[in-house]
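In what follows, a single structure is set out as structure tokens and then discussed.
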Amino acid sequence: MIEFTALPDLALRTLGGSVVAASDESFAERENLIRPGRPGFQAHTFGPKGQVYDGWETRRRREPGHDWALIRLGLPGVIRGVVIDTAWFRGNYPPQASVEATAVEGYPTVAELADAGWAEIVPRSDLRGDVEHFFDVTGERRHTHVRLNMFPDGGIARLRVHGEVRPDLTLYDGLGLDLAALANGALVVGCSNEFYSSPNNVIAPGLARHQAEGWETARRRDDGNDWLLIRLAGPGIVKLAEIDTTNLLFNAPGSVSIRGTTDGETWSELLPRTRLQPDTPHRFRIDDAPVATHVRVDIYPDGGLARIRLHGFLSGA
């Protein structure tokens with residue numbers, strides 16, 4: 001696995017991303033670019049516009065220029081890498097592509113974005129058909145939108161924009177928030193096991209629709225237990241913990257505990273080892289918790305969680 005792909009896909013539709021405009025989508029819809037999961041394909045499946053593709057495909061250009069798609073990141077942040085996937089496009093992929101990025105606060109229109117200052121984060125690069133192309137991105141600028149350019153036309157199945165979330169937390173001044181939310185800048189930075197699914201799923205927005213949208217470990221065959229280490233959105237005080245085992249019918253943990261730390265050495269108990277039920281959202285009040293920058297969630301002995309929410313206040317808020 002390429003290192004940056006372990007970071008969240010900031011453009012993913014299920015994390016709030018949107019393809020807000022495209023130069024053309026005559027053969028296949030632009031929205032497919034940011035769908036979750038691997039692109040699918042069934043040969044000899046024809047619709048009114050030709051072979052059906054799980055991706056974005058434009059018409060054959062008969063004039064100068066190139067095609068483009070404009071994506072609003074669901075989670076603004078610092079981009080560490082981009083994946084341009086031409087899966088299943090073999091005779092109709094673009095020979096080259098590039099990616100630009102910009103930061104525009106608020107809720108800009110497409111016209112306003114067109115006038116924004118764009119920076120190239122992936123230079124014009126050669127592509128091959130039916131291949132995932134990985135591009136490292138350098139720089140520490142925060143971005144809210146990206147523009148995918150393909151030269152001159154053709155089809156791209158998926159665009160992945162991996163990076164570190166950088167939200168505007170000033171919106172929460174004086175208010176409570178989910179300190180463990182991916183959308184607020186939290187991140188799972190340690191995990192005992194991620195055999196079945198990514199641990200960052202448990203802090204993703206929304207509810208898990210099925211087991212694969214949560215975190216699930218392999219079955220343990222020793223006396224240990226599985227755990228997650230979450231870097232909070234900022235130093236804060238946790239007041240309420242939500243531990244959701246929805247969809248985990250026969251593989252939910254038997255119990256859970258939570259500890260917090262600011263230095264990685266001294267740990268404070270936030271929630272003692274507490275019994276869990278399968279397929280159930282649990283809510284636990286936490287009293288007199290100290291400030292924490294990281295929390296460790298231990299499950300006993302193994303299993304899965306759909307979501308973890310840690311509601312509280314940023315310290316000093």
Side-chain angles (χ1 to χ4, degrees), residues 3-8 10 15 75-78 80 140 142 162-173 175-194 197-205 214-217 224-245 253 255-274 276 282-317:
E3 185 176 354
F4 67 71
T5 60
L7 295 170
L10 305 178
L15 296 182
L75 303 176
V78 178
R80 300 301 185 192
E140 297 298 322
R142 175 181 181 270
H162 295 278
E164 299 173 21
V165 183
R166 295 287 190 273
D168 178 11
L169 293 183
T170 60
L171 293 170
Y172 294 97
D173 285 350
L175 303 174
L177 77 161
D178 181 0
L179 295 167
L182 185 65
N184 291 335
L187 187 69
V188 175
V189 295
C191 176
S192 60
N193 184 276
E194 50 183 302
S197 46
S198 169
N200 273 307
N201 287 352
V202 297
I203 61 174
W215 165 57
E216 186 183 358
T217 72
N225 72 279
D226 287 315
W227 52 268
L228 292 173
L229 181 63
I230 302 172
R231 186 194 70 205
L232 300 179
I237 299 172
V238 179
K239 294 291 188 181
L240 175 71
E242 294 188 31
I243 307 294
D244 187 0
T245 60
S255 57
V256 64
S257 67
I258 304 175
R259 294 178 291 160
T261 186
T262 56
D263 60 12
E265 297 180 2
T266 303
W267 293 84
S268 300
E269 184 177 79
L270 304 184
L271 179 72
R273 185 166 173 172
T274 302
L276 296 177
H282 306 75
R283 296 176 178 86
F284 305 108
R285 284 281 305 191
I286 295 178
D287 298 318
D288 303 321
V291 172
T293 59
H294 295 72
V295 298
R296 174 168 162 147
V297 179
D298 285 271
I299 59 173
Y300 303 91
D302 56 26
L305 297 176
R307 292 291 186 267
I308 297 170
R309 307 295 189 207
L310 299 174
H311 302 281
F313 297 87
L314 293 169
S315 60

I'd like to know if the side chain of [X] and the backbone of [Y] have a donor-acceptor N/O pair within less than 3.5 Å.
X	Y	answer
Thr274	Pro272	yes
His162	Leu7	yes
Thr261	His294	no

Under the side chain to side chain donor-acceptor pair (under 3.5 Å) test, residues paired with Ser255 that sit two or more places apart: Arg273
Pairs involving residues 225-237, ordered by first then second residue, that meet side chain to side chain donor-acceptor pair (under 3.5 Å) (sequence neighbours left out): Ser192-Asp226, Thr217-Asp226, Arg220-Asp226, Asn225-Asp298
Nearest heavy-atom neighbours spanning [X] and [Y]:
X	Y	answer
Thr245	Gly304	CG2-O, 4.4 Å
Arg166	Val78	CG-CG2, 3.8 Å
Ile243	Phe284	CG1-CE1, 4.2 Å
Ile237	Ala289	CG2-O, 3.4 Å
Val291	Pro235	CG1-CB, 4.0 Å
Asn201	Gly214	ND2-O, 2.9 Å

Residues in salt bridge (Lys or Arg N to Asp or Glu O under 4.0 Å) with [X], at least two apart?
X	result
Asp302	none
Glu140	Arg80
Arg283	Glu242

Exceeds 12 heavy-atom contacts within 6.0 angstrom, atom CG of Asp263: yes
Would you give the length of the straight line joining atom [atom1] of [X] to atom [atom2] of [Y], rounded to the nearest 0.5 angstrom?
X	Y	atom1	atom2	value
Asn200	Ile230	CG	CD1	9.0 Å
Ile286	Leu310	CD1	CG	6.5 Å
Lys239	Leu270	NZ	CG	11.5 Å
Ile203	Leu305	CD1	CG	12.5 Å

Could you tabulate the donor-acceptor pairs under 3.5 Å formed by side-chain atoms of residues 179-190, not counting sequence neighbours?
residue: Asn184; atom: ND2; partner: Asp178; partner atom: O; Å: 3.0

Is the shortest heavy-atom distance from the side chain of [X] to the side chain of [Y] under 4.5 Å?
X	Y	answer
Ile308	Ile258	no
Leu75	Pro167	no
Val297	Trp215	no

Reference residue Leu271; test side chain to side chain contact (heavy atoms under 4.5 Å, CB included); the match among Val238, Val256, Val295: Val256
Criterion side-chain contact (heavy atoms from CB on, under 4.5 Å) on Thr262 and Thr293, from CA distance to verdict: CA-CA 5 Å; Thr262 56; Thr293 59; 4.3 Å; yes
